[in-house]
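Below you'll find the structure, written out as structure tokens, and then a few comments.
Counting starts at 1 for both ligands and their atoms, in listed order.
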Amino acid sequence: MTKVIKNGTIVTADLTYKADVLIDGGKIIEIGPDLKGDEVIDATGCYVMPGGIDPHTHLEMPFMGTYSADDFESGTRAALAGGTTMVIDFALPSPGEGLLDALKKWDNKSTRAHCDYSFHMAITWWGEQVFNEMKEVTDRGINTFKHFLAYKGALMVNDDELFASFKRCAELEAIPLVHAENGDVVAEMSAKLLAEGNTGPEAHAYSRPSQVEGEATNRAIMIADMAGVPLYVVHTSCEEAHEAIRRAKMNGKRVWGEPLIQHLTLDESEYFDKDWDHAARRVMSPPFRNKQHQDSLWAGLSSGTLSCVATDHCAFTTDQKRYGVGDFTKIPNGTGGLEDRMPMLWTEGVNKGRITMNEFVAVTSTNIAKILNCYPKKGAVLVGADADLVVWDPEATKTISASSQQSAIDYNVFEGKEVKGLPRYTLSRGTVAWGDGKIQSTEGHGEFVARDAGMPVTKALSTWKELTAPRPVQRSGIPASGV
Ligand code: DUC
Ligand code: ZN
Ligand code: ZN
Ligand code: ZN
């Protein structure tokens with residue numbers, strides 16, 4: 001049974017043109033005018049784009065004494081309703097737990113996924129077992145390792161561990177990821193705020209100013225450079241971090257930055273003079289910033305110094321957020337966004353002239369597919385690519401509301417926002433998974449996407465070998481040969 005998407009305009013990261021798309025066996029088999037298929041999907045007035053890829057989700061993640069409320073079932077439903085056809089979730093070993101043991105847990109949870117998915121592996125402690133298992137993890141098709149420089153006493157790794165792991169990534173031609181906030185400084189500031197009686201959710205923002213992110217981003221970039229490995233910085237939320245990334249790029253380093261849709265569109269006023277629940281629901285790390293930081297992130301997307309827009313989808317119910325009444329450090333950190341990332345970015349980005357449609361495709365799908373080594377299977381409208389596609393209606397509107405969302409939580413941080421630009425259909429490997437305003441996919445349809453290590457893009461500017469190779473000592477005026 002073939003399917004044909006007719007009368008639409010194809011929009012990719014580099015081209016915009018009118019053509020039909022013919023699909024068979026879950027793949028695109030032909031692109032051109034006047035194609036015929038057994039089943040017709042009408043794309044009149046719509047753009048046909050690669051399905052979104054969200055490179056940063058935490059589904060059913062054990063965190064801060066609870067589990068994030070959206071699992072692979074509700075989380076991937078939310079993804080599809082918003083035009084996203086692939087998520088990359090973080091397998092998270094608790095400190096001391098083996099990587100392969102953690103991976104088994106994520107394999108089990110993900111059997112319920114509605115759309116395709118892949119994993120990053122988190123490095124939450126260091127030892128011989130971790131060093132050895134990193135190789136087996138890459139053999140399983142996971143070529144990215146995440147490091148937390150925050151969450152002291154829980155997930156945080158120290159610089160010696162970070163350096164060791166980055167060097168291991170270099171050997172395996174894998175890419176390290178970093179959550180860049182200085183965990184030592186955050187811990188000090190949090191303790192001081194609490195001691196002074198600042199227990200409410202707004203103190204969360206005071207405890208992690210943009211400097212803690214700028215410092216950690218720059219540190220991670222320099223350590224990655226010494227290890228001879230590229231670096232992907234997750235949830236870049238401020239100018240200081242963006243500046244460090246820009247500088248590294250200008251110096252020829254392979255460093256990528258990932259702003260979140262939340263940081264692009266919501267600001268710190270959400271924490272101040274608001275009721276406790278309102279502010280606590282928006283507690284995440286890094287916290288929302290001011291307008292200047294938002295302008296910096298938008299500039300990064302249009303200039304190309306920032307590469308991908310993600311969500312860090314890590315949703316907690318109001319009841320879970322209330323674990324932190326009386327102590328802001330106990331409010332589970334995280335917000336949702338899977339369903340809203342693409343409509344919000346289109347509305348605030350494309351409709352407002354901040355980014356083009358092609359840039360929209362690049363930052364929601366194609367760039368990350370290339371970085372993570374799953375392009376052009378994902379992130380492309382090309383013959384042979386998976387038919388993970390979104391038929392995007394630029395005229396469709398809605399008001400975002402928790403009452404109509406797929407997510408399992410009881411609120412939405414974008415509540416009341418009017419969006420213009422929504423998926424009419426979302427196709428997952430050729431199957432219509434979202435259409436006519438409803439989920440049409442089945443639980444378990446999603447498949448794991450293996451991503452090999454060792455693509456050319458992992459070549460860094462300097463390599464550990466070059467940096468540590470014996471070299472002649474140069475003293476003032478004395479030739480190095482020592483004559
Ligand atoms: N930040 C969050 O807000 N939630 C999950 C993990 C993280 O780094
Ligand atoms: Zn993080
Ligand atoms: Zn409120
Ligand atoms: Zn995260």
>> Taking side chain to side chain donor-acceptor pair (under 3.5 Å) as the criterion, tell me which of Arg77, His114, Glu73 meets it with Gln406.
In response: Arg77

> Can you tell me which residue and heavy atom of the protein come closest to atom 1 (N) of ligand 1, and the distance to 0.1 Å?
Replying inline: Ser285 O, 3.0 Å

>> Quick check with a 6.0 Å cut-off and a 45 degree axis cone: is Lys370 positioned over the face of Tyr375's six-membered ring?
In response: yes

>> Could you identify the N, O or S atom of His235 positioned closest to the Zn ion (ligand 2)?
In response: NE2

> If you stand at the Zn ion (ligand 4) and look out to NE2 of His56 and NE2 of His58, what angle do those two lines make, to 10°?
Replying inline: 110°

>> Using a 4.0 Å cut-off to any heavy atom of Asp312, which atoms of ligand 1 qualify?
In response: 1 (N), 2 (C), 7 (C)

>> I'd like to check whether His179 has a polar contact with ligand 1, where a contact means an N/O of the residue lying under 3.5 Å from an N/O of the ligand.
In response: yes

> Of all N, O or S atoms in Asp312, which has the smallest distance to the Zn ion (ligand 4)?
Replying inline: OD1

> Counting heavy atoms not belonging to Asn108, are there more than 12 under 6.0 Å from its CG?
Replying inline: yes

> Nearest protein heavy-atom contact for atom 4 (N) of ligand 1: which residue, which atom, what distance?
Replying inline: Asn333 O, 2.9 Å

> Among Val186, Leu149, Asp184, whose side-chain contact (heavy atoms from CB on, under 4.5 Å) with Val212 holds?
Replying inline: Val186

>> Does any part of the side chain of Arg354, heavy atoms only, come nearer than 4.5 Å to the side chain of Leu301, both counted from C-beta?
In response: no

>> Among all protein heavy atoms in this structure, tell me which lies nearest to atom 7 (C) of ligand 1, with the distance rounded to 0.1 Å.
In response: Tyr151 OH, 3.2 Å

> Hey, which atoms in ligand 1 end up nearer than 4.0 Å to a heavy atom of His235?
Replying inline: 8 (O)

> For ligand 1, which atoms have a heavy atom of Met284 less than 4.0 angstrom away?
Replying inline: 3 (O)

>> Using the rule side-chain contact (heavy atoms from CB on, under 4.5 Å), only one of Asp312, Asp89, Thr84, Ile88 pairs with Thr57; which is it?
In response: Asp89

> Between Lys249 (side chain) and Val255 (backbone), is there a donor-acceptor pair under 3.5 Å?
Replying inline: yes

> Quick one: does Asp277's side chain get under 4.5 Å of Lys321's, heavy atoms only?
Replying inline: no

> Do you know which N/O/S atom name in His179 is closest to the Zn ion (ligand 2)?
Replying inline: ND1

